[in-house]
2 protein chains.
Amino acid sequence: MTHGTRPKLLEAAFREVYERGFQAASLTEILRDTGLTKGALYHHFSCKRALGLAVVEEVVRERLESTIFRPLEEAERPIAALLKIWGDKLRLLDDDAIEHGCPLNNLIQEMSPIDPEFRTRLGAILTRWQEVLAQALRTGQVQQEIRADVNCDTTALFILAAWEGCWGIAKNQQSAPAFRQCLAQLQAYVESLRPRS
Amino acid sequence: MTHGTRPKLLEAAFREVYERGFQAASLTEILRDTGLTKGALYHHFSCKRALGLAVVEEVVRERLESTIFRPLEEAERPIAALLKIWGDKLRLLDDDAIEHGCPLNNLIQEMSPIDPEFRTRLGAILTRWQEVLAQALRTGQVQQEIRADVNCDTTALFILAAWEGCWGIAKNQQSAPAFRQCLAQLQAYVESLRPRS
DNA sequence: ACGCGGTCGTACCGACCGGTATGATAAACA
DNA sequence: TGTTTATCATACCGGTCGGTACGACCGCGT
């Protein structure tokens with residue numbers, strides 16, 4: 001059931017971690033949001049760390065799978081789909097996203113240096129993202145929308161880095177226009193990968 | 001004097017914040033590193049937040065000024081200087097930098113959403129960086145090393161975002177090659193701004 | 001009717017943190 | 001020399017945190 005106490009805890013924990021970071025996230029606050037208590041929490045999760053890792057796997061990863069990874073994999077024209085996804089993100093940009101940035105990137109920056117398990121799990125999501133992007137570029141090549149001489153793997157990595165970087169800038173500037181400006185350059189970069197007309 | 005207790009506190013605080021983030025930084029640990037006590041600390045700084053802001057202004061900003069901003073401003077051929085700075089950073093890359101990433105970016109990601117003062121100060125450094133980069137691109141244009149049709153301001157912003165993004169990826173992957181790979185693409189992007197030969 | 005395992009609430013602990021109050025010391029100045 | 005002022009040490013406080021112990025409840029099989 002999706003209305004159980006465990007999913008409720010995961011969702012509230014995601015919110016709290018998204019707003020404060022994992023280390024600063026307060027279990028008490030999560031329990032206040034859900035109306036539950038520590039007994040319920042420690043029945044489903046052995047410790048705070050386990051809760052955080054579950055958030056990574058079952059919330060962060062799942063959201064990216066459904067909103068980006070699978071749409072990109074199932075698209076017949078992946079390059080157009082990629083630009084469309086970015087466009088959607090820009091149109092649906094709310095204050096919350098501008099204020100707090102990318103959930104995955106936040107956790108990566110905070111947890112990678114101090115917890116190997118977090119680092120591995122987050123790195124797996126990053127690798128998956130990179131592979132999805134690289135595959136999109138490859139089919140873009142056979143569809144002659146991407147030049148044949150571009151290295152799809154390293155380009156995918158760079159696009160990923162630039163994407164997260166744009167989020168980081170916007171998070172400080174606290175303005176959607178700054179994010180748009182930054183992302184427009186990323187789109188221009190992808191356009192520059194097209195064959196010379 | 002540069003050997004006083006205040007600079008010693010600032011340096012130790014920078015290390016601690018760099019390794020754990022500001023919120024998780026322990027004043028006790030800083031004092032243990034310096035051999036000082038809380039009396040000394042709270043004589044020079046009114047609270048933990050003031051110490052953190054001083055670290056931003058007097059350590060983080062100053063390091064960037066001396067290693068990147070001023071060298072880029074004083075260079076006769078800024079584009080070559082930019083590529084050289086990146087090359088130096090790659091050659092002198094130590095495990096510490098790979099493990100903990102870019103100090104400025106770390107603070108931006110952690111503090112921007114939760115403290116307006118931090119956000120403003122960090123944003124000022126970011127703006128300065130952007131302007132230095134934009135100016136470098138502009139003189140690159142008059143030296144005919146950058147195409148005349150590129151928007152220097154937005155391009156500078158994008159380069160900045162990509163640069164920080166590369167650090168973020170490397171921080172998770174924990175490998176210098178990943179950073180090199182990522183940064184190579186950034187260099188390739190800058191090369192793509194050159195006039196058609 | 002009874003027991004039992006899963007589920008969750010309540011009360012509480014020990015540890016750690018940022019911050020404060022106060023005292024000791026030494027330099028600076030009269 | 002006497003006094004003030006800057007500098008730093010020591011001891012301690014209030015508060016919050018993650019985590020634990022234990023009890024209540026409830027469905028379910030027998």
Side-chain angles (χ1 to χ4, degrees), chain A residues 1-59 106-107 110-111 113-118 121, chain B residues 1-59 106-107 110-111 113-118 121:
Chain A
M1 52 184 112
T2 170
H3 293 288
T5 78
R6 196 189 132 98
K8 204 185 300 183
L9 283 169
L10 281 174
E11 197 59 35
F14 170 77
R15 283 300 315 175
E16 176 74 2
V17 170
Y18 184 43
E19 291 173 4
R20 303 202 196 183
F22 173 76
Q23 299 180 91
S26 163
L27 297 183
T28 305
E29 183 63 27
I30 295 174
L31 296 173
R32 178 156 40 200
D33 289 349
T34 57
L36 297 169
T37 61
K38 289 205 175 178
L41 202 166
Y42 278 91
H43 172 73
H44 290 281
F45 304 97
S46 62
C47 60
K48 186 190 182 185
R49 203 174 85 111
L51 173 63
L53 290 171
V55 165
V56 169
E57 295 292 324
E58 303 178 36
V59 182
N106 294 354
L107 283 168
E110 180 188 4
M111 301 305 294
I114 62 177
D115 192 309
E117 188 69 22
F118 269 90
R121 307 275 187 104
Chain B
M1 55 184 110
T2 170
H3 292 289
T5 76
R6 196 188 133 100
K8 204 186 301 185
L9 283 169
L10 281 174
E11 196 59 34
F14 170 78
R15 283 300 316 174
E16 176 75 3
V17 170
Y18 184 43
E19 291 173 5
R20 304 203 198 183
F22 174 75
Q23 300 180 91
S26 163
L27 297 183
T28 306
E29 184 63 27
I30 295 173
L31 296 173
R32 179 156 40 201
D33 289 350
T34 57
L36 298 169
T37 62
K38 289 204 175 178
L41 201 165
Y42 278 92
H43 172 73
H44 290 282
F45 304 96
S46 63
C47 60
K48 185 189 183 186
R49 203 174 85 111
L51 174 62
L53 291 171
V55 166
V56 169
E57 295 292 324
E58 303 177 35
V59 183
N106 294 354
L107 282 168
E110 179 189 4
M111 301 305 294
I114 62 177
D115 193 308
E117 188 68 22
F118 269 92
R121 308 274 188 104

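Below, chains carry the letters A, B, ... as their sequence lines are ordered, and counting in each starts from 1.
Using a cut-off of 4.0 Å between Lys/Arg side-chain N and Asp/Glu carboxylate O, Glu29(B) and Arg32(B) are scored as salt-bridged. Between Arg15(A) and Glu11(A) there is no salt bridge, since no side-chain nitrogen of the basic residue lies less than 4.0 Å from a carboxylate oxygen of the acidic one. A salt bridge links Asp115(B) with Arg49(B): the closest approach of a Lys/Arg side-chain nitrogen to an acidic carboxylate oxygen falls below 4.0 angstrom.
What you find for Thr28(A) and Lys38(A) is that their closest heavy atoms are OG1-CE, 4.5 Å.
For the pair Lys48(B) and Phe22(B), the cation-pi test (distance below 6.0 Å, angle within 45°) is passed.
Where DNA chain C meets chain A (any atom under 4.0 Å from a heavy atom), the bounding nucleotides read 5' to 3' are dT7(C) to dT10(C). From the 5' end on, the contacts that DNA chain D makes with chain A at under 4.0 Å to a non-hydrogen atom open and close at dC17(D) to dT20(D).
Within a heavy-atom distance below 4.0 Å of DNA chain C, the residues of residues 18-37 of chain B found are Ala25(B), Ser26(B), Leu27(B).
Phe14(B) CZ to Glu58(B) CD: the interatomic distance, rounded to the nearest 0.5 Å, is 13.0 Å. Note that the CG atom of Leu107(B) and the CZ atom of Arg121(B) stand 12.5 Å from one another [nearest 0.5 Å]. Note that NZ of Lys8(A) is 14.0 Å distant from CD1 of Ile30(A), once rounded to the nearest 0.5 Å.
With no hydrogens or angles considered, a side-chain donor-acceptor pair links Glu110(A) and Gln23(A) at under 3.5 Å.
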Check the pair Leu10(B), Leu51(B) against side-chain contact (heavy atoms from CB on, under 4.5 Å), reporting the backbone distance first and the verdict last. CA-CA 7 Å; Leu10(B) 281 174; Leu51(B) 174 62; 4.3 Å; yes

